[in-house]
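Side chains are part of it too, since the values below use all heavy atoms of this structure and drop only hydrogens, waters and symmetry mates. Order of the sequence lines sets the chain letters (A, B, ...), proteins ahead of strands, with each chain counted from 1.
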Number of protein chains: 2
Amino acid sequence: MKLKSMDISATASASTLVFDALRKAIIEGQLEEGEPLRQDEIARLFNTSRIPVREAISRLQEQGLVKTQRYKGAIVAGLSPQETEEIFDLRALVEPEIVRSAVPKMSKDQLALAREKCAAFSASTDPATWGDLNREFHEALYGASDLKFFQEIADNAIDRVERQIRAQLVMSNGMERAGREHFGILEACEKGDAELAARLTKEHIQGAKKSLLAHLPVG
Amino acid sequence: MKLKSMDISATASASTLVFDALRKAIIEGQLEEGEPLRQDEIARLFNTSRIPVREAISRLQEQGLVKTQRYKGAIVAGLSPQETEEIFDLRALVEPEIVRSAVPKMSKDQLALAREKCAAFSASTDPATWGDLNREFHEALYGASDLKFFQEIADNAIDRVERQIRAQLVMSNGMERAGREHFGILEACEKGDAELAARLTKEHIQGAKKSLLAHLPVG
DNA sequence: ATAACCCAAATTGGATCCAATATTCAATAT
DNA sequence: ATATTGAATATTGGATCCAATTTGGGTTAT
């Protein structure tokens, strides 16, 4: 009998590793907005040449996470208040559709996972983990949806405002409100009420946007 | 007095040139779905090395226009009927919002341009130009909107289904219907009726989707 | 002292070369 | 005849080197 072919190694290419690491560093705020990305420095950090670094940077640019200028290099992209607002509007348009399509397809296991993530988020007292836990809850909710392009867009939109989301969570009662709203969305999913879940998701995002804009320079 | 530094040349980088050329070739259907992109061959075509080609391909992959496999290279990405349907659903969600936001901001000149593009589309008898003219009309409509992320998404979505759009236009009465609907949308814009323009845009996209799916293998 | 200028250092863009992997096809065993 | 093996070829991934451009500091003229 023949053995099943299984990719033991599954080693990603160097450019992908660099891409993932830089993306993570940017959305987590370890690299500040406007900070230049020096190819040579990054290459040394990852023990590679500049070739994979350049490929990673060009992909990051395509995702809007960095901006590059010819012969001047790449810097971490930032968002104006208007741009931030637009991204939240985009999320408020797209993500309710993802939830609506996901609700009728959620399995017991997926609901259990979502409930677990919801609880973990509400229980966490370490601000450093809030961003990840928030995202894990939303991903658990969206996982049952088969709208993969919608999810791509939501993922990228969240990437771009991840820093603002984290700021919003630590703000005033941001964490408490998010926890409450998550629970409401989860309950709607458990009841199988796709319309309600979609509406609450939209309100959740719009609420986050409002509370964020209220604390922004221009408003 | 010193001269202002102005980029006379404004020469784009080789990777950008390759990227633009490949993107154009893919969405226009000159490169067929599934066709492999050989780095060496493309490099020779553009008189460059493979480095800029690889950068271009990685950006195309990020946009979903090609798929790559490690050590196997890139092929032109295709869409299943389900994926095509999802992209049209995404367009039907996003593009009406762009039009809605654009209507109150349209200048006389922009309206005149849109009318011109609308007429050019309806008047054209050369199927090879229909895709471009269709796109130019929509871009003229969307131009006044300041929702740049929404437009990025619409542009990419249209890129991915450009081949299907072209097919839809040459199908049965696709061209005639599109011309009529374009005119309706334009009239709503000229009246300043943003709601109507948005609704007609949504129906325009949903109609194109339906007529496309009706002629697709699976349906 | 200040502004214009010029040259060296830093940085990016691209070309060439080498390594790793996949593919093809002929040779061989069953 | 068919399946398997293995070497030759093709192709991609990455490293190193060179060219083009920007940047920063020192020099000089006013």
Hey, does B/H204 have a side-chain heavy atom less than 4.5 Å from the side chain of B/H182?
yes
Which of D/dG14, C/dA20, C/dT12 is nearest the side chain of B/Y71? It is C/dA20
Using the side-chain hydrogen bond (donor to acceptor under 3.5 Å, both in side chains) rule, pick out the option among B/Q164, B/R166, B/R160 that qualifies with B/E162.
B/R166
Tell me yes or no: between the side chains of B/Q61 and B/T68, is some donor less than 3.5 Å from an acceptor?
yes
Using whole Å, what does the distance between atom C1' of nucleotide D/dG13 and atom CZ of A/F46 come to?
17 Å
If you assign A/E55 and B/R38 each to the DNA chain D nucleotide with the nearest heavy atom, which residue ends up on the more 5' nucleotide?
B/R38
Base, sugar-phosphate, or nothing for B/T68, non-hydrogen atoms under 4.0 angstrom?
nothing
What is the separation between atom CZ on A/R44 and atom P on C/dT12, rounded to the nearest whole Å?
11 Å
Find the distance B/L17:CG to C/dG14:C1' and express it as a whole number of Å.
13 Å
Measure the distance from CZ on A/R70 to C1' on C/dT11 and round it to the nearest whole Å.
13 Å
What nucleic acid atoms does B/I57 come within less than 4.0 Å of, heavy atoms only: base, sugar-phosphate, or nothing?
nothing
A/T125 to A/W130 - nearest heavy-atom pair and separation:
C-NE1, 4.0 Å
Whole angstroms only, please: what is the CG-P distance between B/N47 and C/dG14?
14 Å
If you assign each of A/G73 and A/I51 to its closest nucleotide in DNA chain C, which residue comes earlier from the 5' end?
A/G73
Donor-acceptor pair, A/Q151 side chain versus A/I98 backbone, under 3.5 Å?
no
Presence of donor-acceptor pair under 3.5 Å, side chain of B/R50 and base of D/dG14
no
Contacts of B/Q39 and A/K72 projected onto DNA chain D by closest heavy atom; the upstream (5') one is B/Q39
For the pair made of CZ in B/R54 and P in C/dA15, what is the distance, rounded to whole Å?
13 Å
Just the rounded figure in Å: distance from C1' of C/dG14 to CZ of B/F19.
19 Å
For the pair made of CD1 in B/I42 and P in D/dT11, what is the distance, rounded to whole Å?
12 Å
